[in-house]
Structures are given as C-alpha cells and as structure tokens.
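Whatever order the structure lists them in is the order used to number ligands and atoms, beginning at 1.
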Amino acid sequence: MDVFDRIGADDYEQVVYCHDRGSGLRAIIAVHSTRLGPALGGTRFYPYATEDEGLEDVLRLARGMTYKAAAAGLDLGGGKAVIFGDPARDKSEAMLRAYARYVDALGGRYLTAEDVGTTQDDMDLVRRETRFVTGFSRELGGSGDPSAATAYGVLWAMKAVAVHLWGHTSLAGRHVAVAGVGKVGRALVGHLVDEGARVSVADVTSAAVEAAVVDAGAEAVAVEKIHALDCDIYAPCALGGALNDVTIPELRCAAVVGSANNQLAHGRASAELLADAGVVYAPDFVANAGGLINIAEELAPGGYHPDQAQAAVRRIFDTVTSVLQAADVGAVTTAEAADRLAEDRIAALSAVHQIRPPT
Ligand code: NAD
C-alpha cells in the first residue's frame, strides 16, 4: 500500500508508527483531524494478520471518530491507535508504558482511551506515563468503562426514533430485539426492561443470553434469526456489518437503533436499501456516541461529574431528532444526513477566524 496515497485520500493529518524493541511494541497512531479539538479515540490491541490490515483498521476507525465527535457537538477531533498482538498473550506493563510514551510525545494532539483488547486497568497504566489518556478508573478521577454511557445513549436514540414513529418517547409495550448482549447490550436490556419494553436477545455466547434471560426476563432468540424478528426496533450491539444485502430484505422491524460500530456493510448503498424498505435507521455513530460523550466530560473544566455526563449523553435524543428531520427535509438517507451534520459543523468551525494575541 502506498501510505501517502492512502492517507491523502481521506486527508489524515498524521500517522505515527511506534516501535520499541525491549517491550516488543509495534503500534500505529492515526490522527485524522484536530480541526475541532484534540483527536480522541481508543487503543485497539489486536492480532492483525498483516501490517496493512492494522493500518487500514486504524485509519478507518480514526476517521469514524472525527464524524462521531463532530456530530455529537464535542470539541474533539478524531484519532485511533492500534497495537499489534494478541492481548491475552502479548500485553505487558512495559509494552503499554512504551506505547504511552509515544502518546505523550504527541503533546495532546491525540488522546487515548480503551477499546477492543484494552481495559480500564490498561488506561490506568498508560496514565502513569502521560496525561493524554481518558477513561481511566473513577478512583483516579476518570470516567471508567464507557459501556454504560453508550447503552444509555442508545436508549435515548431509541426514544427519539419513538417520537418520530409513534409520537411519544415511551418504549412501554414496544418489542426490541437486541443482537449481542455484552457490555453495552446487557446494560441496554436493563434500561429497556425498566421502560416496560418486551425484549428479545441473541448472542453467540450462551452465558450472555442466559444472564439477560434470567436476570432481566428477556426472551432468547437464535443468533441467525434475531434480525428477522417481527419487532418494533432491532438493536445490533455485536459486530459491524449487521445490515447487509442479505439481512436488510429480511428485516421486519420499524427501526434499527444499536450500538455496534459500522453497522452498514456497504455504507450508503446499505442505507438506501434500508430507506427503500421503509426502515428508520438511527446512524450508528450518532446512536452510539454516549461512551465518547461521557469520556469527553473528563476534559470539562471542573473534571468528571456523573450527573453532568448523563445529561450530556441524553442530548443524543436531540441529535437523532435533527438527523431524522434533516433526512426528511433533504430527501436523503439518515446516514447521509448524519455525515452532513458532522461535515457541516467541521467546515463551519474551521472557517472561524483564528484570533491570537500578539507574541
Ligand atoms: P462486548 O464484546 O462486551 O459485547 C459484544 C457481544 O456480542 C458479546 O457478548 C459477543 O459474544 C456478542 N457477539 C459476537 N458476535 C455475535 C454475533 N454474530 N451475534 C450475536 N452476538 C454476537 O462489546 P461491547 O463493548 O458491548 O460493544 C458492542 C458493540 O458496540 C461493538 O460493535 C462496539 O464496537 C460498539 N461500541 C461499544 C462502545 C462501548 O462503550 N463499549 C461504544 C461505541 C460502540
């Protein structure tokens, strides 16, 4: 891959390769945009088969963070990092601290957080080398695991869709199908049950299904059938690509609102297929921004306050509402409306004059 061509195509600001022989660290940090603020995004620790695969992943994810932060109205840009390796086998304190020094060397242009393969404990270690880290433990003044906030945000995205479809925020009596009951999906099931919704769940891990059935009274459905359930809302909360050429024609829901990243297997083509099928789609990066919004509260002048963070997450309701209205008015898909919302905000704020005092 010609890296300059690749990063030039989507206008990445900076891509940093990190190597530390002693600890075995091999990592890439991608800063897509700092136009709205420091580029925030998690550190993914993953056994990529090739260097190109890791590079492609970090680039795609960093750009996604730019859109997510911009659409959420945050003063943050988009970035992401990947560490090559199997977290269960290769992760060590030395490697994480070596990595943290590279984050520190970027001087705050990139702020890291946990992601697939990294944990809150890892962020606590990273924090010993750099202050440019978020999502560390509450005992240290951080906001902790973002999953609960993500689930709470998805709930409010669903409420916005409920107003659009049924005229009120209540989800009582609605049937919601949750695919993937891990950290986010399980917390979402709890909220839905509290709301009086009927909840069906599916997961490849039987223990996860059992917990949702026994603890929350959800109904279990086979993994390959959950998307095709006759229900009000389908909530993909597992892996990306849940909405594709096979699954979209089989949907029997009124709306799709979930936490999974990159739900549309073929981007705008999948969004159009959904719109043609009459399914209301809450764009993933708008609906699942609760974790990011929560983490951003760590950067607030007074530090992290859970109540303020919850209030900030609830604003996802307004963002989803704006996106649904803009899609109607502009006769575009909701995915396109969400992209425009992010792009317009970046363009508008980038055009504001930089006024600096004389040096
Ligand atoms: P998780 O790993 O805790 O849970 C994912 C669950 O999905 C697991 O229980 C897993 O067994 C299940 N699963 C995997 N493949 C499946 C399949 N084919 N069908 C059904 N279930 C399947 O992850 P999480 O933190 O709950 O995140 C869920 C999704 O939300 C991911 O796509 C993640 O990228 C996205 N997301 C998470 C956050 C967050 O704060 N954790 C924030 C934004 C987006």
Side-chain angles (χ1 to χ4, degrees), residues 40-46 57-58 60-62 64-65 67-69 71-72 74 76 78 80 82 87-88 113-120 122-123 134-135 142-157 177-191 200-213 215-216 218 220-229 234-244 246-247 256-265 282-298 309-310 313 316:
L40 194 150
T43 302
R44 186 160 290 195
F45 203 126
Y46 192 79
D57 207 30
V58 76
R60 186 178 57 83
L61 292 164
M65 292 306 293
Y67 278 74
K68 188 183 291 200
L74 300 173
L76 289 171
K80 202 85 181 183
V82 294
E114 71 173 84
D115 193 67
V116 176
T118 55
T119 63
Q120 185 181 292
D122 296 338
M123 293 309 117
T134 59
S143 62
D145 185 339
S147 307
T150 302
Y152 190 58
V154 173
L155 174 76
W156 281 87
V178 182
V181 273
K183 293 195 292 286
V184 178
R186 178 65 190 80
L188 177 63
V189 169
H191 287 305
S200 297
V201 298
D203 199 294
V204 289
T205 309
S206 53
V209 175
E210 208 175 302
V213 169
D215 303 343
V221 177
V223 164
E224 59 283 2
K225 294 207 173 126
I226 186 96
H227 69 275
L229 210 61
Y234 167 48
C237 295
L239 308 177
L243 304 168
N244 54 48
V246 174
T247 57
V256 177
V257 189
S259 77
N261 280 313
N262 303 312
Q263 290 170 30
L264 303 172
D284 46 15
F285 67 83
V286 177
N288 74 12
L292 176 64
I293 295 169
N294 185 58
I295 267 182
E297 285 292 313
E298 281 181 28
Q310 274 215 332
V313 171
I316 287 178

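- We find that D57 and R44 are joined by a salt bridge, their nearest charged nitrogen and carboxylate oxygen being less than 4.0 Å apart.
- Taking both residues in full, the closest heavy atoms of I316 and A157 are given as CG2-CB, 3.9 Å, listed atom of the first, atom of the second, then distance.
- Between T247 and L243 the shortest heavy-atom distance is OG1-CA, 3.5 Å.
- Heavy atoms only, all atoms of each residue included: Q120 and E114 are closest at N-OE1, 3.3 Å.
- Using the six-membered ring where Trp is involved, Y67 and F285 have ring planes that are perpendicular, over 60° apart on the 30 and 60° scheme.
- Counting all heavy atoms, side chain and backbone alike, G290 lies closest to V313 at O-CG2, 3.6 Å.
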Starting from the N and O atoms of ligand 1, find every protein N or O within less than 3.5 Å and list the pair with its distance.
| residue | atom | partner | partner atom | Å |
| --- | --- | --- | --- | --- |
| ligand 1 | 3 (O) | K183 | N | 2.9 |
| ligand 1 | 9 (O) | D203 | OD1 | 3.3 |
| ligand 1 | 9 (O) | D203 | OD2 | 2.7 |
| ligand 1 | 11 (O) | D203 | OD1 | 2.6 |
| ligand 1 | 11 (O) | T205 | OG1 | 2.9 |
| ligand 1 | 26 (O) | K183 | N | 3.1 |
| ligand 1 | 26 (O) | V184 | N | 2.8 |
| ligand 1 | 30 (O) | S259 | O | 3.2 |
| ligand 1 | 30 (O) | S259 | OG | 2.9 |
| ligand 1 | 32 (O) | A238 | O | 2.6 |
| ligand 1 | 32 (O) | N261 | N | 3.4 |
| ligand 1 | 34 (O) | N261 | ND2 | 3.0 |
| ligand 1 | 40 (O) | T150 | OG1 | 2.7 |
| ligand 1 | 41 (N) | S147 | OG | 3.2 |

